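Here's the structure we're looking at; comments come further down.
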Amino acid sequence: MKKRASELGSTIQPLDRTFFRRDPRRVARDLLGKILLREGEFHLMARIVEVEAYLGENDPAAHAAAGNTARNSVLFGPPGYAYVYFIYGNHYCLNVSCLPVGVAGGVLFRALEPVAGIAEMAAARDIEIPDLDEARPALLKKISSGPGRMSEAFGVTRERDNGKDFTSTRSDLRIVEDDYRVRGVTVTPRIGIVKAAERPLRYFITGSPFVSGRKSQDR
DNA sequence: TACATGATGCCCT
DNA sequence: GGGCATCATGTAG
């Protein structure tokens, strides 16, 4: 089940900008199973298993609902760029912009399945993993199941990553795909919001043990 | 200039 | 299952 980075190397290719120039709901669903990649001091790879769509100015729960401001301007820019914001005085959350210039919309990354650089991600989270091969799934899940957790695992901050191009080979933060096929997708309401809380815009890979929340189903 | 609050996670019961 | 840390942002005054 677990793949080494070298096994993925021959088949991976970056997503292009047209992938992101679509309705956030389509982008969100299609992002499941893709790979988030960080090339920095360490080489990090993790599979996207849970996301949420934020629709833009007409979505009361979206940051873009406030209009174009200094904070959220990436959402109004071209598609395929990183929107990072700081929340609850503690956490960073990572999004990708969707739709053409001038039309706001985005997808929030909520949970990842660690693929490569697992020891480095665990260290960034201050999680002790004595033996990677024997590590319990419950321990691996702590690394990146949740928006704040996965940002910490990938070293994502607003200062470092806001406005980065996910589709450029010159970027150290990219989204790529391999031959992985998603078998099933579950759709539920979004987490942790008050406005428009009933809309089913949260997507995750059915049965993935790396989805956020206690039962890995709902929360 | 002040204030209320949030696309959260951790720790304690 | 619930309280709380902690601060940037938006909005009201």
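In this text, all values refer to a predicted model and were calculated from it rather than measured experimentally. Values reported hereafter were calculated over all heavy atoms of this structure, with side chains retained and with hydrogens, waters and symmetry mates removed. Per chain, numbering begins at 1; letters A, B, ... match sequence-line order.
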(request) On DNA chain B, check which nucleotide each of A/Lys195 and A/Ser145 is closest to and give me the residue with the more 5' one. (result)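 In this pair, the answer is A/Lys195.
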(message) Pick the closest DNA chain B nucleotide for A/Arg149 and for A/Ala64 by heavy atoms, then say which residue is nearer the 5' end.
(response)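 First, find each residue's nearest nucleotide; the 5'-ward one identifies A/Ala64.
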For atom [atom1] of [X] and atom [atom2] of [N], their distance in whole Å:
X        : N      : atom1 : atom2 : result
A/Leu108 : B/dA7  : CG    : C1'   : 5 Å
A/Met150 : B/dG9  : CE    : C1'   : 14 Å
A/Tyr203 : B/dA7  : OH    : P     : 18 Å
A/Asp59  : B/dA7  : CG    : P     : 11 Å
A/Asp126 : B/dC11 : CG    : P     : 10 Å
A/Tyr83  : B/dA7  : OH    : P     : 9 Å
A/Glu50  : B/dA7  : CD    : P     : 16 Å

(request) Give the dot-bracket string for DNA chain B, reading 5' to 3', where a pair is Watson-Crick or G-U wobble with both distances under 3.5 Å, ( ) marks pairs inside the strand, [ ] marks pairs crossing earlier ones, | marks a partner on another strand, and . marks unpaired. (result) ||||||.|||||.
(request) Kindly state whether the ring of A/Tyr54 and the ring of A/His63 have centres lying under 6.0 angstrom apart. (result)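 No, ring centres 6.0 Å or more apart.
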(message) Taking the six-membered ring of A/Phe166 as reference, does the cationic atom of A/Arg17 (NZ for Lys, CZ for Arg) lie under 6.0 Å from its centre and within 45° of its axis?
(response)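 Not satisfied by the 6.0 Å and 45° rule.
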One thing to verify: whether [Y] and [X] come together as a salt bridge, which I'm taking to mean a side-chain N less than 4.0 angstrom from a carboxylate O.
X        : Y        : result
A/Lys142 : A/Asp126 : no
A/Arg47  : A/Asp178 : yes
A/Glu52  : A/Arg110 : yes
A/Asp30  : A/Arg22  : yes

Please produce a list of atom pairs where a protein N or O lies less than 3.5 Å from an N or O of nucleotides 5-12 of chain C.
residue : atom : partner : partner atom : Å
C/dA5   : N3   : A/Asn90 : ND2          : 2.9
C/dT6   : O2   : A/Tyr88 : O            : 2.4
C/dG10  : OP1  : A/Thr69 : OG1          : 2.6

(request) Could you please name the option among B/dC10, B/dG6, B/dT8 that lies closest to any side-chain atom of A/Arg125? (result)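 The listed nucleotide nearest to A/Arg125's side chain is B/dC10.
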(request) Could you please spell out the steps behind the side chain to side chain donor-acceptor pair (under 3.5 Å) verdict for A/Glu50 and A/Ser212? (result) CA-CA 8 Å; A/Glu50 178 185 353; A/Ser212 70; 3.0 Å; yes
(message) With a cut-off of less than 4.0 Å, is there a side-chain N or O of A/Arg202 near OP1 or OP2 of B/dA7?
(response)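 No, no such contact exists.
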(message) Taking 4.0 Å as the cut-off, does a side-chain nitrogen or oxygen of A/Arg110 come that near to OP1 or OP2 on B/dT8?
(response)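 The answer is yes; a side-chain N or O of A/Arg110 sits under 4.0 Å from OP1 or OP2.
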(request) Could you state whether A/Leu75 and A/Ile175 fall into the same hydrophobic cluster, counting links through intermediate Ile, Leu, Val, Met, Phe, Trp or Tyr residues with side-chain heavy atoms under 4.5 angstrom apart? (result)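 They do not share one cluster, since no chain of ILVMFWY contacts under 4.5 Å joins A/Leu75 to A/Ile175.
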(message) Are there over 12 heavy-atom neighbours, none belonging to A/Arg26, within less than 6.0 Å of that residue's CZ?
(response)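 Atom CZ in A/Arg26 is not packed in, count stays at 12 or less.
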